[in-house]
There are 2 protein chains.
Amino acid sequence: MSRPFLPGADPVGAALRGFARAHAGLVELSEDPVHLRARERDPRRSVGLVSGGGSGHEPLHAGFLGRGMLDAVAPGQVFASPHNRQVLHASRAAAGSGGVLHVVKNYTGDRINFGIAAERLRHEGIEVRRVLVDDDLATDSEQTATGRRGTGATVVVEKLLGAAADEGRGLDELADLGAAFAAASRSLAVAARAQTSPHTGSPAFDLGPAELEYGVGIHGERAAKTVDRPPLEELLPRMVDELLAALPPGPDDLLVLVNGLGATTQLELYAIFERVAADLDARGLDIRESLVGTFVPALDMAGFSLTLTRLHDGWSQWWRAPARTPAFPCQDQEAIR
Amino acid sequence: MSRPFLPGADPVGAALRGFARAHAGLVELSEDPVHLRARERDPRRSVGLVSGGGSGHEPLHAGFLGRGMLDAVAPGQVFASPHNRQVLHASRAAAGSGGVLHVVKNYTGDRINFGIAAERLRHEGIEVRRVLVDDDLATDSEQTATGRRGTGATVVVEKLLGAAADEGRGLDELADLGAAFAAASRSLAVAARAQTSPHTGSPAFDLGPAELEYGVGIHGERAAKTVDRPPLEELLPRMVDELLAALPPGPDDLLVLVNGLGATTQLELYAIFERVAADLDARGLDIRESLVGTFVPALDMAGFSLTLTRLHDGWSQWWRAPARTPAFPCQDQEAIR
């Protein structure tokens with residue numbers, strides 16, 4: 001039993017072809033090896049922005065292809081790293097006069113494959129640097145040599161980097177900025193129901209009706225422990241406490257991302273945002289920017305992640321800069337006024 | 001047991017407050033009685049567009065508030081019609097010199113409450129007309145006196161009407177256009193898993209792992225029958241056959257909406273779109289416009305609806321006209337070029 005609405009053969013390929021067709025004015029799909037590129041970029045941009053990773057987190061990454069965000073993307077199979085050839089071809093397509101910046105979520109497979117591609121690109125004379133996104137507080141332990149996982153903050157890093165790249169900044173400066181964006185961000189995710197396994201059609205793990213996976217990953221990685229599900233009024237302040245304690249010092253101006261993990265309704269996500277916003281107000285913090293919706297899901301997991309980013313000088317402006325992509329919301333952007 | 005991530009008290013109210021805060025530049029919430037209005041409208045628009053209905057279908061309707069789409073919205077509780085006072089106040093807030101047009105999904109409660117509000121508005125000297133959206137093929141039977149339900153096509157009708165209203169057209173012309181948009185649209189929805197009941201936390205009805213609810217409603221109304229789930233390659237042509245047979249004659253230019261019912265991933269929705277598009281190509285039809293995503297869900301139901309709209313002269317242009325709302329995608333719009 002596979003997922004009910006995925007074709008049995010090459011489901012990711014079918015989805016990518018459908019995506020490229022639906023957004024033909026914005027993106028172009030190449031099939032061998034599979035990668036996508038944006039049709040347009042700001043003429044001031046000299047560094048190509050490339051990301052990618054396993055599928056099943058849509059709209060990440062391909063939904064953020066286009067003017068103001070990413071130039072090319074290498075999508076893997078569901079929850080599997082792309083092949084380094086995909087990253088290589090995506091990077092060649094994206095490279096500008098100033099080189100290529102890879103935005104990589106911190107998973108071993110992604111690091112290896114982007115790393116191999118980077119070596120090959122350097123042999124071809126293309127300058128490459130890498131921004132590692134590692135925002136997931138649940139994996140912030142000295143016991144794990146791999147470090148924190150990359151999750152919801154990826155969309156924040158991609159948006160801010162895109163706007164900074166559009167100002168014509170160089171590779172080293174963008175790499176440093178990307179590292180600063182990631183360092184100023186922490187996320188925490190919880191789930192009440194696992195994603196449906198694409199292979200079995202059943203939940204990837206079992207949770208009781210009153211249980212909560214506190215610190216779940218976006219590939220169905222279970223948390224260190226399953227807890228009794230607290231009411232929202234207890235759950236959210238606990239998450240905020242832990243995120244604020246983990247964030248490096250910085251401005252009290254925050255970007256708040258409430259991200260659905262797949263099967264969480266907008267009613268829930270906005271109600272969560274309302275509670276989190278009231279809590280942050282009460283702590284004297286300033287919510288300068290927000291994003292509420294399903295941007296980095298784990299297939300159809302029922303849960304959400306909360307990301308806080310401390311906004312340093314000028315970052316708000318990059319967040320609000322116009323983007324023209326399939327999935328990043330445009331509503332509060334100046335360009336459409 | 002309630003839904004895991006909704007506050008127990010006043011969940012819709014909390015969500016609306018969060019929504020209004022997240023999109024404060026675009027919308028404004030009034031609490032007594034509850035309604036929302038857009039902060040801006042095109043100065044050429046003389047007729048206010050008002051919609052509403054039960055909650056649980058977000059981003060419909062409030063996500064489509066704003067320039068180019070709706071002027072005010074009356075949201076009910078989950079799957080429950082708004083009170084006529086809500087519609088009345090939303091309509092007063094939205095009314096222009098040319099009156100108010102109500103966009104109503106065809107459900108008895110909505111018809112009654114919008115109808116009472118319309119009577120009161122007329123007593124106040126405000127002209128009102130109504131567009132009834134009734135696209136759901138599964139309820140196209142002479143046995144049901146209430147007629148077809150309104151589902152996915154609502155977003156199509158709201159987008160096209162918004163653009164037409166921005167050209168300064170009058171109430172009667174817009175009412176006729178809205179009726180034509182609805183008449184040229186048919187939808188069909190299927191589900192592999194019911195939505196989680198907000199009251200019990202369990203699926204609202206049971207389906208076996210190899211079953212499909214063929215012709216499901218967006219409030220968990222079961223289909224006339226449950227079928228063995230066919231593979232996508234059989235399911236989609238059957239749905240397309242039935243939709244094309246039901247559509248009134250008209251141009252071969254189509255708008256295709258693949259709409260997730262809540263827990264359906266973008267991988268699935270784009271794979272479905274790819275198959276449907278190839279099928280329509282093979283039939284010699286022309287997909288002029290498309291929209292793929294979760295726009296009119298039924299809480300977290302696992303399923304999708306397919307809507308086809310025959311595009312008459314000029315409708316494509318209205319579809320592509322700029323909108324500045326929380327949820328309608330902006331990516332292919334001229335304004336942001």
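Throughout, protein chains are lettered first and strands after them, A, B, ... in sequence-line order, and every chain is numbered starting at 1. Just so it is clear, the structure is predicted and the values come from calculations on it, not from any experiment.
In this structure, the portions of A:Leu267 lying under 4.5 Å from any heavy atom of chain B include both its backbone and its side chain. Neither the backbone nor the side chain of A:Val276 has a heavy atom closer than 4.5 Å to any heavy atom of chain B. In this structure, the portion of A:Ile287 lying under 4.5 Å from any heavy atom of chain B is its side chain and not its backbone. Interface remark: A:Ala302 contributes backbone atoms only to the contact with chain B (heavy atom separation under 4.5 Å).
B:Phe5 is listed as a side-chain neighbour of A:Leu212, based on a closest heavy-atom distance under 4.5 Å. Between A:Arg193 and B:Asp300 the shortest side-chain heavy-atom distance falls below 4.5 Å. Two residues are said to be in side-chain contact when any heavy atoms from C-beta on lie closer than 4.5 Å; A:Arg17 and B:Phe273 fail this criterion.
Within a 6.0 Å sphere centred on CD of A:Glu233, heavy atoms belonging to other residues, nucleotides or ligands number more than 12.
Closest non-hydrogen pair, B:Ala263 versus A:Ala263, comes out as CB-CB, 3.8 Å. Residues A:Pro7 and B:Arg275 share a closest heavy-atom pair of CB-NH2, 3.2 Å.
When each of B:Pro59, B:Pro297, B:Ser290 is scored by its heavy-atom pairs under 4.5 Å with chain A, the top score falls to B:Pro59. If you tally non-hydrogen atom pairs under 4.5 Å between each of B:Leu16, B:Asp281, B:Val292 and chain A, the highest count goes to B:Asp281. Of all the listed residues (A:Ala278, A:Ala277, A:Gly262), the one sharing the greatest number of non-hydrogen pairs under 4.5 Å with chain B is A:Ala277.
Taken from CD in B:Gln266 to CZ in A:Phe19, the straight-line distance is 8.0 Å, to the nearest 0.5 Å.
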